[in-house]
Amino acid sequence: TKLIYNTPMAHATGSLIELRLTPVGLAGRIECPTNLHPAPGQYLLASSSDPTEILPVPLFLAGLPEGLELPIAPPLPAHWAAGAQLQLRGPLGRGFAPPSTTRRFALAAFQARPDLLFPLCEQAVRLNASVALYTASPPSDLPAEVEISPLDLLPEALSWADYLAAVFPRESLADFRRLAGLGPFDRFAIPAQALLLGPMPCGGIAE
């Protein structure tokens with residue numbers, strides 16, 4: 001398993017150009033310079049001008065960039081409003097990096113929002129690759145080419161896929177390995193990368 005760590009940051013101002021309500025909170029779109037555009041699995045840190053906002057907010061992609069616009073996964077702060085100016089830092093994290101020969105993608109969202117894997121879904125579809133998303137919360141807004149399967153079928157995926165990308169809370173690593181059918185000292189038989197979720201306000205610059 002390859003874990004994803006933080007990388008140096010750039011700074012810029014961006015605009016929150018759209019907000020929409022989802023079952024898990026506000027999602028939106030921001031406009032920002034292309035040098036800040038995250039790859040799938042990376043994130044930005046954003047701060048608004050609200051004086052009550054103590055810590056920056058991590059922003060993850062909910063799809064691939066379209067021009068200068070980035071679709072952002074929920075939940076965004078409830079007090080943010082469309083048109084707000086955001087101070088952005090990033091991109092952070094190494095991001096997902098499937099081998100160039102990958103043609104069968106297995107994506108798994110374990111105790112995490114599957115929309116964090118949507119950019120990889122879109123990337124795989126653009127490559128005309130096979131892609132299956134394993135999740136307990138099936139989304140309704142994915143390309144028709146993406147197969148959706150329950151998490152308990154994940155061990156079967158490791159026999160046909162040639163790449164695995166997963167997202168889960170960092171404290172759930174051992175549980176995810178058990179879900180995938182691995183023992184304490186087993187290794188994945190295919191290239192595998194994980195985005196581990198946890199508090200990220202420092203952007204990797206704290207000791």
_Check against side chain to side chain donor-acceptor pair (under 3.5 Å), Glu31 and Ser15_ = CA-CA 5 Å; Glu31 185 177 81; Ser15 300; 5.1 Å; no
_I'd like to know whether Arg29 forms a side-chain contact (heavy atoms from CB on, under 4.5 Å) with Glu66, so could you lay out the CA-CA distance, the side-chain angles of the two residues, the decisive distance to 0.1 Å, and finally the verdict._
CA-CA 10 Å; Arg29 302 180 75 83; Glu66 301 173 7; 3.0 Å; yes
*Step by step, work out the side-chain contact (heavy atoms from CB on, under 4.5 Å) result for Tyr163 and Arg104.*
CA-CA 7 Å; Tyr163 171 73; Arg104 296 183 297 275; over 6 Å; no
*Check step by step if side chain to side chain donor-acceptor pair (under 3.5 Å) holds for Thr13 and Gln87.*
CA-CA 5 Å; Thr13 299; Gln87 297 303 312; 3.2 Å; yes
*Could you walk me through whether Glu53 and His79 pass the side chain to side chain donor-acceptor pair (under 3.5 Å) test, one step at a time?*
CA-CA 10 Å; Glu53 209 170 276; His79 64 272; 2.8 Å; yes
*Applying side chain to side chain donor-acceptor pair (under 3.5 Å), run through Thr52 and Asp50 and close with a yes or a no.*
CA-CA 5 Å; Thr52 66; Asp50 190 323; 2.6 Å; yes
_Derivation of the side-chain contact (heavy atoms from CB on, under 4.5 Å) call for Phe110 and Val167_ = CA-CA 6 Å; Phe110 178 59; Val167 56; over 6 Å; no
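Within the model, atoms CG of Asn35 and SG of Cys32 stand 8.0 Å from one another, a figure rounded to the nearest 0.5 Å. Rounding to the nearest 0.5 angstrom, the gap separating the CG atom in Leu117 from the CZ atom in Phe105 is 12.0 Å. Between Arg103 atom CZ and Asn128 atom CG the span is 8.5 Å, to the nearest 0.5 Å. Taking CZ of Arg113 as the start and OG1 of Thr22 as the end, the distance is 8.5 Å to the nearest 0.5 Å. Note that the OH atom of Tyr134 and the CG atom of Leu151 stand 10.0 Å from one another [nearest 0.5 Å]. Atom OG1 of residue Thr102 and atom CZ of residue Phe96 lie 13.0 Å apart, to the nearest 0.5 angstrom.
Taking 4.5 Å as the limit, some side-chain heavy atom of Leu164 sits within range of a side-chain heavy atom of Leu158. Contact of the Phe118 side chain with the Pro139 side chain is registered, since non-hydrogen atoms from C-beta on lie closer than 4.5 Å. When side chains are defined from C-beta on, Pro169 does not count as touching Leu196, because their heavy atoms never get closer than 4.5 Å.
If you chain together hydrophobic residues whose side chains sit under 4.5 Å apart, Leu197 and Leu107 fall into the same group. Hydrophobic cluster membership differs between Leu64 and Val125, with clusters built from Ile, Leu, Val, Met, Phe, Trp and Tyr side chains linked at under 4.5 angstrom. No single ILVMFWY cluster, assembled from side-chain heavy atoms under 4.5 Å apart, contains both Val24 and Leu133.
Side-chain heavy-atom separations under 4.5 angstrom define the hydrophobic clusters, and the remaining members of the one that includes Trp80 are Leu16, Leu19, Leu21, Leu26, Ile30, Leu36, Leu44, Val57, Leu59, Leu61, Leu70, Ile72, Leu76, Leu86, Leu88.
Between Pro38 and Tyr43 the shortest heavy-atom distance is CB-N, 4.2 Å.
Ring-plane geometry between Phe176 and Phe168 is classed as parallel, the angle between the planes falling under 30 degrees on a 0 to 90 degree scale with a further cut at 60.
Without hydrogens or angle criteria, Arg177 side chain to Asp186 main chain gives a donor-acceptor distance under 3.5 Å.
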